[in-house]
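Right, one structure below, let's go through it.
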Amino acid sequence: MGRTMDEQNSPVRVRFAPSPTGHFHIGGARTALFNWLYARHCAGTFILRIEDTDRSRSSDEFLHALLDGLRWLGLDWDEGPDVGGPCGPYRQSERGAIYDGYRHRLLDAGHAYERDGAVWFRVSSEPVRILDAVHGPVLRREEKDFVIVRSDGSPSFHFANVVDDLSMGISHVIRGEDHLSNSSKHVELYRALGAEPPRFAHIPLILKTSGPGKMSKRETGSLVDEYRARHFLSGALRNYLCLLGWSPKDDREILPLADIIQCFDLAGINRSNARFDEKKLAHVNREYLRRLPREEFLAHALPVLREGMGPERIGDGAYAASVLAICQEKVRGLEELPDFCGHFFLAVPCWEEGLRAKVLEESALRLEEFLAAVEGDCPFTPAGLESLVVELARAGGHGTGDYVHPLRFACSGQSVGPGLYALLATLGRERVLLRLRRFLGREIQDLDP
RNA sequence: GUCCCGUUCGUCUAGUCCGGUCCAGGACACCGGAUUUUCAUUCCGGCAACAGGGGUUCGAAUCCCCUACGGGACGCCA
């Protein structure tokens, strides 16, 4: 794929540099993803650096959640706080000596001065040129000096960020567009340190689904963990996130990670902000679910069902496996599984009384017919049940739908679900007999559902 | 307020760099129809966009300018 000279000549080193001051959110995940994709595309290095200079707001709990979220999304890092690497330490809170050194360099060279106990950087007031792979060259003039070391001795974001990028040999800074305006500060810092700034790539922001502004960390739907808790497939979320601000430029949307890595590049990133659309995410997730090999689907679905219904109801899994098998192509998401097929695991479904009365009034005779046939020696297979229904309908001068709908409701308590014949066959003759009899008021029982 | 970035269907986008093949393509959502075997499946169809105005040109979604709107940055937060 079209690599630039730049990419061929110098090793690509990119980093994701989050602050562990809150939960891992979608915007951060997308930034991490784009960095990771670019590193993998170029066979470069993906570095994880923790920007925890604000000790009071940073916490280990957030840090672990962050690492966990990255792993869940399949974004592995080559250098970082836990795995180490040649440019460590990878937590800013442990890099104090490095910042001290750079601070002295700036002070000695007259690029910085002390005031009110803090160290300030002297800006040049000349417009600086920011080389951005997404936006092209951007000219911006920095007007005010800014703090690089606070009066308590800790480095400011701009300073620590630049020092680290420089000392870690970062070749490309891929980050949210909210940093574009900051980049002039960073370029000036690089120059004052006698270094060439890296290539920048400011990626568009993710806006809220509706209303003004970017997606904030606090609103619902903005945290990676929410989707994880709702049993979205991580591959689906990752794929969807790729589509926010980037596309493969053909009409593909659902595509294997390997293909995305192959065609991902910075020049293909969009310039305008994108709104997060949970409906589209749900669609991508469903496509992933449908394409899962049966065994993998079961591995994901069974725990969700157990969690929703209680493990004791689900049993050893053989019956559950047969139930889930007929749900895979129809269920919209794993989180809906308990509602979608939970009734399979109850003695009898819960019938909504109003609907039950209506169905009884309209279709009791046909249900009785069907029940009588099943009490006979009807073969209890999808095909056998289907021909039974078709025959009954033809004999009675009805449409098959006149049997299908009441049967579905009587046997499942729902008006939607897997195909009726597969549903009946999976329930099995005994359960179907019991459900039909109970529905028709034939047996008064005190079954414990 | 100052500066920076952006603007194609409701949403995500293709097309823009190298103007004609675009009365603008795909997807989600929505609406409708079909499968005379059924729903939240499948298939088919429909709705719907180049922000506005100038310019350059034989020709502009594509190039230039202005306006409007949206977003972001202006912290001893990151």
Side-chain angles (χ1 to χ4, degrees), chain A residues 17-22 28 51-54 56-58 92 115-120 127 130 132 134-136 138-144 146-161 175-185 202 204-207 209-210 212-214 240 243-254 267 270-284 286-287 290 327-333 336 340 382 385-387 389-390 393 399-409 412 414-421 423:
Chain A
S19 295
T21 56
E51 306 219 334
D52 56 352
T53 52
D54 187 339
S56 61
R57 291 204 299 145
S58 300
Q92 289 186 332
R115 191 177 82 201
D116 302 330
V119 180
W120 298 70
I130 301 158
D132 193 285
V134 174
H135 297 274
V138 174
L139 251 39
R140 189 171 186 279
R141 182 203 313 272
E142 208 49 59
E143 322 233 296
K144 296 190 298 192
F146 56 93
V147 168
I148 56 175
V149 180
R150 302 183 193 104
S151 47
D152 69 358
S154 63
S156 73
F157 160 72
H158 299 298
F159 183 57
N161 191 266
R175 57 180 14 167
E177 201 194 289
D178 48 347
H179 284 297
L180 184 51
S181 300
N182 289 154
S183 297
S184 41
K185 288 187 180 72
H202 287 95
L205 266 21
I206 299 177
L207 270 24
T209 303
S210 59
K214 60 175 178 176
Y240 172 70
L243 266 18
L244 243 32
W246 177 84
S247 80
K249 311 304 175 203
D250 46 36
D251 288 334
R252 287 178 299 167
E253 292 195 321
I254 314 270
N270 292 142
R271 289 156 297 280
S272 54
N273 296 163
R275 279 187 194 279
F276 188 82
D277 182 358
E278 194 181 311
K279 289 222 176 96
K280 182 109 181 191
L281 201 209
H283 166 257
V284 173
R286 196 163 86 91
E287 289 299 317
R290 301 177 63 130
C327 294
Q328 181 173 1
E329 69 168 25
K330 296 200 72 170
V331 75
R332 282 177 168 170
E336 295 185 8
F340 192 75
L385 290 159
E386 178 173 354
S387 47
V389 167
V390 170
T400 49
D402 294 332
Y403 286 83
V404 168
H405 297 298
L407 274 170
R408 174 187 298 286
F409 183 71
S412 73
Q414 295 180 269
S415 52
V416 297
L420 179 71
Y421 308 118
L423 181 155

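Here is how names work: the chains are called A, B, and so on, in the same order as the sequence lines, proteins then strands, and each is numbered from 1.
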Base partner of B:A68, which must satisfy Watson-Crick or wobble distances under 3.5 Å = B:U7
Under the salt bridge (charged side-chain N to carboxylate O under 4.0 Å, His left out) test, which residues partner A:Glu253, sequence neighbours left out?
-> A:Lys280
Using a 4.5 Å cut-off on heavy atoms from C-beta on, say whether the side chain of A:Arg271 contacts that of A:Val134.
-> yes
Give me the distances for all protein-to-nucleotides 9-12 of chain B N/O pairs that come in under 3.5 Å?
| from | atom 1 | to | atom 2 | distance (Å) |
| --- | --- | --- | --- | --- |
| B:C12 | OP1 | A:Arg275 | N | 2.9 |
| B:C12 | O2' | A:Leu243 | O | 3.0 |

Length of the line joining A:Leu281:CG and B:A29:C1', which is rounded to integer Å = 14 Å
In whole angstroms, how far is the P atom of B:A27 from the CG atom of A:Asp251?
-> 7 Å
Across all chains, not counting sequence neighbours, the side chain to side chain contact (heavy atoms under 4.5 Å, CB included) partners of A:Ser19 are A:Thr21, A:Glu51
Rounded to the nearest 0.5 Å, what separation is found between the CG atom of A:Leu281 and the CD atom of A:Glu278?
-> 6.5 Å
Tell me, please, which residues at least two apart from A:His179 pass side chain to side chain contact (heavy atoms under 4.5 Å, CB included).
-> A:Phe157, A:Arg175, A:Asn182, A:His202
Whole-Å C1' distance, B:G15 and B:G25 = 8 Å
Restricting to nitrogen or oxygen on both sides, can you table the protein-nucleotides 60-64 of chain B pairs closer than 3.5 Å?
none

Could you verify whether a donor N or O on one side chain and an acceptor N or O on the other, from A:Asn270 and A:Ser272, lie under 3.5 Å apart?
-> no
Using the P atom as the reference point in each nucleotide, state the distance between B:G19 and B:U62 in Å, no decimals.
-> 12 Å
Rounded to whole Å, NE2 of A:His135 lies from C1' of B:C4 at a distance of 10 Å
Pairwise C1' distance for B:C3 and B:A48, with rounding to whole Å | 37 Å
Between B:U16 and B:U8, how far is it from one C1' atom to the other, in whole Å?
-> 10 Å
Who pairs with B:A24 - Watson-Crick or G-U, where each distance is under 3.5 Å | none
Report all interatomic pairs (protein N or O, nucleotide N or O of nucleotides 46-48 of chain B) with separations under 3.5 Å.
none

What string of B, S and - do you get for nucleotides 73-78 of chain B, 5' to 3', when a contact is any protein heavy atom under 4.0 Å?
-> SSSBBB
Mind checking the CG-CG spacing from A:Leu407 to A:Leu423? Nearest 0.5 Å is all I need.
-> 10.0 Å
Taking atom C1' in both B:U56 and B:C63, compute the distance separating them and give it to the nearest angstrom.
-> 8 Å
One should read off an interatomic distance between A:Leu205 CG and A:Arg275 CZ, to the nearest 0.5 angstrom, of 12.0 Å
Sorted by chain and number, sequence neighbours left out, side chain to side chain contact (heavy atoms under 4.5 Å, CB included) with A:Asp116 holds for none
Should B:C17 form a Watson-Crick or G-U wobble pair with both distances under 3.5 Å, which nucleotide is its partner?
-> none
B:U41 versus B:G20 - spacing of their P atoms, nearest Å | 40 Å
Carefully, step by step, assess A:Ser154 and A:Arg150 under the rule side-chain hydrogen bond (donor to acceptor under 3.5 Å, both in side chains).
-> CA-CA 5 Å; A:Ser154 63; A:Arg150 302 183 193 104; 2.6 Å; yes
With C1' as the reference atom in both, quote the distance from B:U13 to B:C50 in angstrom, rounded to an integer.
-> 13 Å
Heavy-atom protein contacts under 4.0 Å, nucleotides 39-45 of chain B, coded B base, S sugar-phosphate only, - none | BBSS---
Any side-chain heavy atom of A:Asn273 within less than 4.5 Å of one from A:Glu177?
-> yes
Complement of B:U41, any strand, by Watson-Crick or G-U distances under 3.5 angstrom = none
Could you check if a side-chain atom of A:Lys214 sits within less than 4.5 angstrom of a side-chain atom of A:Leu207, using non-hydrogen atoms only?
-> yes
Taking side chain to side chain contact (heavy atoms under 4.5 Å, CB included) as the test, write out the residues that go with A:Pro382, two or more places apart.
-> A:Tyr421, A:Ala425
In whole angstrom, give me the gap between the P atoms of B:A24 and B:A49.
-> 9 Å
With a 4.5 Å limit on heavy-atom distance, are the side chains of A:Ser181 and A:Arg140 in contact?
-> yes
Of A:Arg141 and A:Thr400, the one whose closest RNA chain B nucleotide lies more 5' = A:Arg141
RNA chain B: A:His283 or A:Pro212, which has the more 5' nearest nucleotide?
-> A:His283
A:Arg175 atom CZ is separated from B:G72 atom P, nearest whole Å, by 17 Å
Using both distances under 3.5 Å as the test, list the Watson-Crick or G-U wobble partner of B:U2, or none.
-> B:A73
Spell out, as yes or no, whether a donor-acceptor pair under 3.5 Å connects the side chain of A:Asp402 to the backbone of A:Gly399.
-> yes
Should A:Phe340 and A:Lys330 count as side-chain neighbours, where that means a heavy-atom distance under 4.5 Å?
-> yes
NA contact type, A:Tyr421, heavy-atom cut-off 4.0 Å: base, sugar-phosphate, or nothing?
-> base
Using the test salt bridge (charged side-chain N to carboxylate O under 4.0 Å, His left out), find all partners of A:Asp251 that sit at least two apart in sequence or belong to another chain.
-> none
Gap between atoms CG and P, on A:Leu139 and B:C4 respectively (whole Å) | 9 Å
Identify, with sequence neighbours excluded, every residue that meets ring pair (Phe, Tyr, Trp, His ring centres under 6.0 Å) alongside A:Tyr240.
-> A:Phe276
